[in-house]
Amino acid sequence: MAGNSGKRQVRIRVKRFQPDQKAEAFWQDFDLEVEGSDRLLDALNKIKWTLDGTLTFRRSCAHGVCGSDAMRVNGRNRLACKLMMADLGARITIEPMLGFPVVRDLVVDMDPFLAKYEKIKPYLINDEPAPRTERLQSPEDRDRYDETTKCILCGACTGSCPSVWANAEWVGPAAIVNAHRFIFDSRDHAAAERLGILSDRNGVWRCRTIFNCSEACPRGIHVTDAIEEVKRAIVYGGE
Ligand code: SF4
Ligand code: F3S
Ligand code: FES
């Protein structure tokens, strides 16, 4: 890891797509000075604010919470706001995530991704009358799905999965992570319904245990393990 202080020059190569100007995507290099404490998002903002205002990318929280700035950096999906420039070399290549339709520059269309998320019913289903206070759960039962509550729907896992690249219809890892979050929640009563949805030909079985998803997740979720737990629940029964 490089030091995190001091100015230095970097060249950032960006894959751009400006459909109102040019039908094909093209590469553009930007040379700029960055601080050791800058994150990649700071560098992109610097490009936009001082070199080329047409550069288009999503961002909001700048703190790894909103999930809006996932992009492919030197071949790996990362959140630009969590990536220190000090940890990158002097030549950086940025592309939109693979497996998503590109809208403009680094902005991808999240609608198909969110449609798959909705497909697994990402909300508590329990038709019993609501108790006077909250629906109670033991700490052990809460722990059962704690990790998958941490998903911020950034899409980094889904956009790094070769099975998704090969088949746009496949539900993909992010939707399965969010199904996991409810399937193993003791207060929820729709595990069988979700497992049925994930048993079909575009469900969990298209996962080939490639692990790119786990490596890409900025929240440290063991995505492949969560998918394996859902596969086991389909075969041996949910909890
Ligand atoms: Fe992003 Fe991780 Fe959620 Fe996938 S599981 S959408 S990589 S936060
Ligand atoms: Fe894809 Fe992850 Fe499975 S990379 S094939 S979802 S383990
Ligand atoms: Fe919100 Fe990066 S800007 S996660």
Side-chain angles (χ1 to χ4, degrees), residues 38-49 55-73 75-85 87 94 96-100 105-120 122 145-184 198 201-232 234:
D38 279 347
R39 292 156 303 164
L40 179 61
L41 181 59
D42 298 312
L44 288 172
N45 282 334
K46 207 171 278 185
I47 294 172
K48 187 168 181 70
W49 296 336
L55 182 67
T56 308
F57 50 95
R58 284 198 185 98
R59 76 283 196 202
S60 181
C61 70
H63 289 285
V65 177
C66 72
S68 59
D69 60 342
M71 54 188 73
R72 189 168 163 89
V73 182
R76 290 174 58 195
N77 285 353
R78 315 291 295 270
L79 293 180
C81 66
K82 287 194 74 176
L83 201 48
M84 298 298 296
M85 290 303 289
D87 293 335
I94 306 180
M97 286 193 290
L98 303 180
F100 288 77
D105 291 342
L106 301 170
V107 173
V108 294
D109 182 1
M110 299 295 282
D111 285 354
F113 171 84
L114 293 172
K116 292 171 186 173
Y117 169 65
E118 284 171 17
K119 188 174 161 182
I120 56 84
Y145 61 94
D146 181 64
E147 189 166 300
T148 46
T149 65
K150 297 182 169 43
C151 176
I152 54 172
L153 289 175
C154 67
C157 55
T158 295
S160 66
C161 172
S163 294
V164 171
W165 304 339
N167 177 2
E169 297 305 310
W170 184 46
V171 68
I176 302 172
V177 161
N178 285 279
H180 179 287
R181 181 257 170 269
F182 290 99
I183 288 167
F184 297 102
L198 291 172
R201 65 191 179 86
N202 284 314
V204 288
W205 305 112
R206 286 197 187 272
C207 168
R208 301 287 190 255
T209 323
I210 295 171
F211 278 94
N212 284 11
C213 52
S214 299
E215 198 268 340
C217 181
R219 302 288 291 172
I221 298 170
H222 297 88
V223 179
T224 312
D225 293 351
I227 296 171
E228 291 303 310
E229 288 188 8
V230 173
K231 286 178 179 171
R232 279 200 294 276
I234 289 173

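For this chain, numbers begin at 1 and follow the sequence in order. Being a predicted model, the structure only gives us computed values, none of them experimental. First listed ligand is number 1; within each ligand, the first listed atom is number 1.
With respect to the salt-bridge test (charged N to carboxylate O, under 4.0 angstrom), the residues Lys82 and Asp69 do not qualify.
Contact check for Cys151 versus Ile221: side-chain heavy atoms found under the 4.5 Å cut-off. Looking only at side-chain heavy atoms (C-beta outward), Thr209 and Thr224 come within less than 4.5 Å of each other. Between Leu106 and Arg58, the closest side-chain pair of non-hydrogen atoms is not below 4.5 Å. Put simply, the side chain of Met85 does not reach to within 4.5 Å of the side chain of Asp42, judged on heavy atoms. Annotation: side chain of Asn45 is in contact with side chain of Phe57 (closest heavy-atom distance under 4.5 Å). When side chains are defined from C-beta on, Cys207 counts as touching Lys231, because their heavy atoms get closer than 4.5 Å. Taking 4.5 Å as the limit, some side-chain heavy atom of Leu198 sits within range of a side-chain heavy atom of Ile120.
If you number the atoms of ligand 3 from 1 as listed, the ones under 4.0 Å from a heavy atom of Cys61 come out as 1 (Fe), 3 (S), 4 (S). Close contacts of ligand 1 with Arg219, meaning ligand atoms under 4.0 Å from a residue heavy atom, involve 8 (S). Near Leu153, meaning under 4.0 Å from any of its heavy atoms, are these atoms of ligand 1: 3 (Fe), 6 (S). Residue Cys81 approaches ligand 3 through these ligand atoms, each under 4.0 Å from one of its heavy atoms: 2 (Fe), 3 (S), 4 (S). Taking every heavy atom of Val65 and a limit of under 4.0 angstrom, the matching atoms of ligand 3 come to 4 (S). For ligand 3 and Cys66, the ligand atoms under 4.0 Å from any heavy atom of the residue are 1 (Fe), 3 (S), 4 (S). With ligand atoms numbered from 1 in the order given, ligand 3 contributes 3 (S) to contacts under 4.0 Å with heavy atoms of Ser60. Listed by atom number, the atoms of ligand 2 under 4.0 Å from Trp170 heavy atoms are 6 (S). In the vicinity of Gly64, heavy-atom distances shorter than 4.0 Å reach the ligand 3 atoms 4 (S). Residue-ligand proximity, Ala174 to ligand 1, at heavy-atom distances under 4.0 Å covers atoms 6 (S).
Atom 2 (Fe) of ligand 1 has as its closest protein heavy atom Cys217 SG, 2.3 Å. Atom 4 (S) of ligand 3 has its closest protein heavy atom at Gly67 N, 3.2 Å. Cys151 SG, 2.3 Å is the protein heavy atom nearest to atom 3 (Fe) of ligand 1. The nearest protein atom to atom 7 (S) of ligand 1, hydrogens excluded, is given as Cys157 N, 3.3 Å; this is a heavy-atom distance. When hydrogens are left out, the protein atom nearest atom 3 (S) of ligand 3 is Ala62 N, 3.1 Å; that is the closest non-hydrogen contact. For atom 8 (S) of ligand 1, the closest heavy atom belonging to the protein is Ile152 N, 3.4 Å.
Taking distances strictly below 2.8 Å, the protein N/O/S atoms close to atom 3 (Fe) of ligand 2 are Cys207 SG.
Arg181 is linked by a salt bridge (charged side-chain N to carboxylate O under 4.0 Å, His left out) to Asp185, counting only residues two or more places apart in sequence or in another chain. With sequence neighbours left out, Glu169 forms a salt bridge (charged side-chain N to carboxylate O under 4.0 Å, His left out) with no residue at all. With sequence neighbours left out, Phe113 forms a ring-ring contact (aromatic ring centres under 6.0 Å, His included) with Phe100.
Using a 3.5 Å distance cut-off with no hydrogens or angles, the side chains of Ser214 and His222 do not pair a donor with an acceptor. Ser60 and Ser68 form no side-chain donor-acceptor contact under 3.5 Å, judged by distance and modelled atom types alone.
Remark: of the listed residues Ser163, Cys157, Pro173, Pro162, Pro162 is the sole one forming a side-chain contact (heavy atoms from CB on, under 4.5 Å) with Asn212.
At a threshold of 2.8 Å, atom 4 (Fe) of ligand 1 has no backbone or side-chain N, O or S atom of Cys154 nearer than that distance.
Ligand 1 has Gly155 within reach: a non-hydrogen atom of the residue lies less than 4.0 Å from it. At least one heavy atom of Pro218 sits closer than 4.0 Å to an atom of ligand 1.
Contacts with ligand 2 closer than 4.0 Å are made by no heavy atom of Trp165, backbone or side chain.
Nearest heavy-atom pair, Gly99 versus Val164, reported as atom, atom and distance to 0.1 Å: O-CG1, 4.5 Å.
A distance-only check finds a donor-acceptor pair linking the side chain of Arg206 to the backbone of Arg201 [under 3.5 Å].
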